[in-house]
Amino acid sequence: MSVTKRNEADVGYVEIDNPPVNAIGQSVRQGLLDAVRWAEELHLTRVILSGKGRAFAAGADAREFDSAPLEPHLPDVLNAIDESFVPWIAAIDGVALGGGAEIAMACRMRIMSPKSQIGMPEVTLGVIPGAGGTQRLPRLVGLAKALDMISLGKPLNAADALAAKLTHTVEDDPVEEAYMVNTEELGCIVPTWELPAPEHDKELLANARATIAKKSPNQIAPNRAIDVIEAGLSIPFHDALPIERAAFLELKTGEQARALRHIFFAERAAKMPETIKADPVALDHIAVVGGGTMGAGIAYALLNAGLRATILETDEDGVARAQTNVEKVIDASLKRGLISDARAQDHRARFNATTDYTTVGDAMLAIEAAFESMEVKKDVFAKLAMTLPKEAILATNTSYLDINELAATLPDPSRVIGLHFFAPAHIMKLLEIVRGDKTSDAAIATGFALGKALRKIPVLAGVCDGFIGNRILARYREAADTVFMDGSTPWEVDEAMEAFGYAMGPYEAQDLSGLDIAHANRRRQDATRDPNRRYIPIADRMVELGKLGRKTGAGWYRYPGGNGKVDDPIVADLAIEESHLAKRERTDYSGEQITERLVLAMINEAADILDEGIAHNARDIDLVTVFGYGFPRWRGGLMHHADTLSAKAIVARLRELSQEDAVAWKVSPLLERCAERGINLADAAPSK
Ligand code: 3HC
């Protein structure tokens, strides 16, 4: 039973009971409609509607979005509630989102508990409210607030909902409070659909559209939502509903909604493989080696999860630097209102920075975030192995180095794992958990347990140069440098990738992280690089010129006075010089050609990563690219995007490109297989 109902005298109690979050599927819709008729037949004086468990209702069941909608449709159910002579009261204890908020708004009254939230996050799934939300919300909270809530999709907490007049009151026990509401007062409340729509306000609508153009460029749903809200301002409620519904149904089956749904469910499916049965070690006190930006970010993330963190440094200067770095993050969080003073104090009490390894003798996990050098890391691991309990897990945050080589230096290599965080480590959601050849199941279980504690998205990866994310990034940069050397400028490349949906192109992004890191990495790879692979020397020239990015005031761009980026003709000339030296003809690539090359290079590499078993499935690669590397979420991640292009079309184009350079554009065998068999990368099996 997805909806239960009972009455005590003339008061009806209806409860949505569809675990885990009361998503509104067909059985819930039917149950609610039956409850409306039931309450009317019994001539109840009120119905108190609540949700069982942790949610009032999390919205329409998005798993149903791929099929044709089944009756009864939610707008009809909500009209029945809104128009019923029996007044309904929504008693909200938990989240009321999307369709859940729409149900609440169709009720005569809303009462929220302090911990509850109400909101219309439909645009984050690529759709707009489809059950009257675009029409009822403006009637309840006014045009400005409704535009804001619907087009940005951010929910309100109970206090903000009260201030917005979206809830009548905030009470600890909303069901009890709903029972206490005076019957006469309840009878005087005008049904939501009968309320007048707000006045048309050109300026508010233009502002909302401008905000969307800035915050969610390329996304269809937010603009469509504003259009539908606007349409409803000048026509009767019941004429506006079909306009809203038609837009919702059209968007729901569109590419963006499919992609956003894919990522929504992929995020939730990011869990430890079921084959891992071991228990994690106890997470309480965690040692972090190195107090630079990464180490401090990791330490702060640990503190924020309620854990104890000790940063180990090599000398007192390092200790002071670690303390300053962690304090900076605490301070920034305080300033942004993310933590209270009391919480900041609590964080400080659980933090320590020291050179003394014996202080972490009880830590069951250490995360090394020291300098990216195998020798340094081997030293650190030897010290950790001597100090920590012998069952403790030793993790490295290396971005590229061989975890198997590192593990081989210890008597027990099964304790070693990669935990690859992304900077800033306390903000970025991705955590690559890198499994070495000898890594134990307990170490993997610990990685996943840590990911959960830190509320990160954990993705299991195998050992290779760059694991999943940085290996794809290397190909992305290589393809960018190649089009740059062969005809474009960094700003043309950045512009093309921004138009594709990245917040920032590869050159601006590299200016932020610094060109020296990739340079050191290239020197490490010199000995093993395929001599037949074309090498683009421009980035090396940049480093020789001291153009390391923002930190030196100039990189691919100049940053006069530390301000915004300015194109640098000297950089453009470097490519002209280098291509002249290499006797290459330059081509004037269009934005589409640039994007195609960079994206295909990434897809081809990602297919190899999947084929080699470095990633376990295409979905994990989607998570890595979206949450670690800024691939547009609304494209569903790299592999989902590849499937929208089709393996067949990708292979055909890669074959054409391989005429130019057979090594760089060598088609991945996995793509070949997918193309031959007509299957998606999402369904492809690795050969290893
Ligand atoms: N449809 C289907 N399944 C849903 C769902 C939904 N709307 N919301 C959550 N779930 C599922 C999750 O997939 C997960 O399933 P799993 O256990 O099999 O992995 C389970 O419910 C629990 O979800 P979370 O792990 O996310 O649980 P949390 O407690 O961390 O978060 C939440 C709960 C805040 C409700 C979060 O799940 C969420 O934000 N859900 C989506 C809310 C949303 O976008 N609603 C709008 C839907 S569109 C709509 O309503 C259209 C309407 O206007 C007609």
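Just follow the structure's listing: the first ligand is 1, and inside any ligand the first atom is 1.
- Within 4.0 Å of atom 50 (O) of ligand 1, at least one protein heavy atom is present.
- Protein heavy atoms are absent from the 4.0 Å sphere centred on atom 18 (O) of ligand 1.
- Atom 13 (O) of ligand 1 has its nearest heavy-atom neighbour, among F65, F56, F265, in F265.
- Annotation for F65: atom CZ counts as buried by contact number, over 12 foreign heavy atoms lying within 6.0 Å.
- When ring centroids are compared, Y629 and Y502 stay outside the 6.0 Å threshold.
- Residue, atom and distance of the protein heavy atom nearest to atom 20 (C) of ligand 1 are P20 CG, 3.5 Å.
- Ligand 1 has a nitrogen or oxygen under 3.5 angstrom from a nitrogen or oxygen of G130.
- Here the heavy atom of the protein found nearest to atom 2 (C) of ligand 1 is D61 OD1, 3.2 Å.
- Remark: the N304 side chain and the H426 side chain contain no N/O donor-acceptor pair separated by less than 3.5 Å.
- Atom 47 (C) of ligand 1 has its closest protein heavy atom at L125 CD1, 3.7 Å.
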Side chains of residues 164-171: which donor-acceptor partners sit under 3.5 Å, not counting sequence neighbours?
| from | atom 1 | to | atom 2 | distance (Å) |
| --- | --- | --- | --- | --- |
| T167 | OG1 | R110 | O | 3.0 |
| T167 | OG1 | M112 | N | 3.4 |
| T167 | OG1 | T169 | O | 3.0 |
| H168 | ND1 | R110 | N | 3.1 |
| T169 | OG1 | E171 | OE2 | 2.7 |

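- At the shortest separation from atom 52 (C) of ligand 1 among protein heavy atoms lies E102 OE1, 3.3 Å.
- At the top of the distance list for atom 33 (C) of ligand 1, counting protein heavy atoms only, stands V21 CG1, 4.0 Å.
- Distance screen at 4.0 Å: atom 10 (N) of ligand 1 has a protein heavy-atom neighbour inside the cut-off.
- Applying the ring pair (Phe, Tyr, Trp, His ring centres under 6.0 Å) test to every pair with at least one member in residues 71-119, sequence neighbours left out, gives these pairs: H43-F85.
- Given atom 16 (P) of ligand 1, the protein heavy atom at minimum distance is K271 NZ, 4.3 Å.
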Q | Residue pair R54, V21: steps toward the side-chain contact (heavy atoms from CB on, under 4.5 Å) verdict | A | CA-CA 7 Å; R54 65 187 203 254; V21 290; 3.8 Å; yes
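- Backbone and side-chain nitrogen or oxygen atoms of R268 are examined, and one is located within less than 3.5 angstrom of a nitrogen or oxygen of ligand 1.
- Using a 4.0 Å cut-off to heavy atoms of A60, the atoms of ligand 1 that qualify are 1 (N), 6 (C), 7 (N), 47 (C), 49 (C), 50 (O), 51 (C), 52 (C), 54 (C).
- Set against the non-hydrogen atoms of R54, the atoms of ligand 1 under 4.0 Å away are 22 (C), 27 (O), 28 (P), 29 (O).
- When G153, A58, A57 are ranked by how near their heavy atoms come to atom 42 (C) of ligand 1, first place goes to A58.
- Ligand-side atoms of ligand 1 in range of G98: 46 (C), 50 (O), range being under 4.0 angstrom from any heavy atom.
- Taking both residues in full, the closest heavy atoms of M105 and T192 are given as O-OG1, 2.7 Å, listed atom of the first, atom of the second, then distance.
- Looking at P632 and N218, their side chains never come closer than 4.5 Å, going by heavy atoms from C-beta outward.
- Ionic pairing of D227 and R209 is present here: one or more N-O contacts between side-chain nitrogen and carboxylate oxygen are shorter than 4.0 angstrom.
- Remark: distances from the non-hydrogen atoms of P129 to ligand 1 include one below 4.0 Å.
- Atom 1 (N) of ligand 1 has A62 N, 2.9 Å as its closest protein atom, hydrogens excluded (heavy atom only).
- The backbone N or O of P155 lies less than 3.5 Å from no partner atom in the side chain of Q117, so there is not a single donor-acceptor pair.
- Residue-ligand proximity, G59 to ligand 1, at heavy-atom distances under 4.0 Å covers atoms 50 (O).
- Cation-pi check for R261 over F265 is not met; the charged atom does not lie both under 6.0 angstrom from the ring centroid and within 45 degrees of its normal.
- More than 12 heavy atoms of other residues, nucleotides or ligands lie within 6.0 Å of CZ in R268, so this atom counts as buried by the packing criterion.
- Classification of E255 and R258 as a salt-bridged pair fails, no side-chain N sitting under 4.0 Å from a carboxylate O.
- In terms of protein heavy-atom proximity, atom 32 (C) of ligand 1 is nearest to L97 CD1, 4.6 Å.
- Close approach of ligand 1 to E122 is summarised as follows: ligand atoms under 4.0 Å from at least one heavy atom of the residue are 48 (S), 49 (C), 50 (O), 51 (C), 52 (C), 53 (O).
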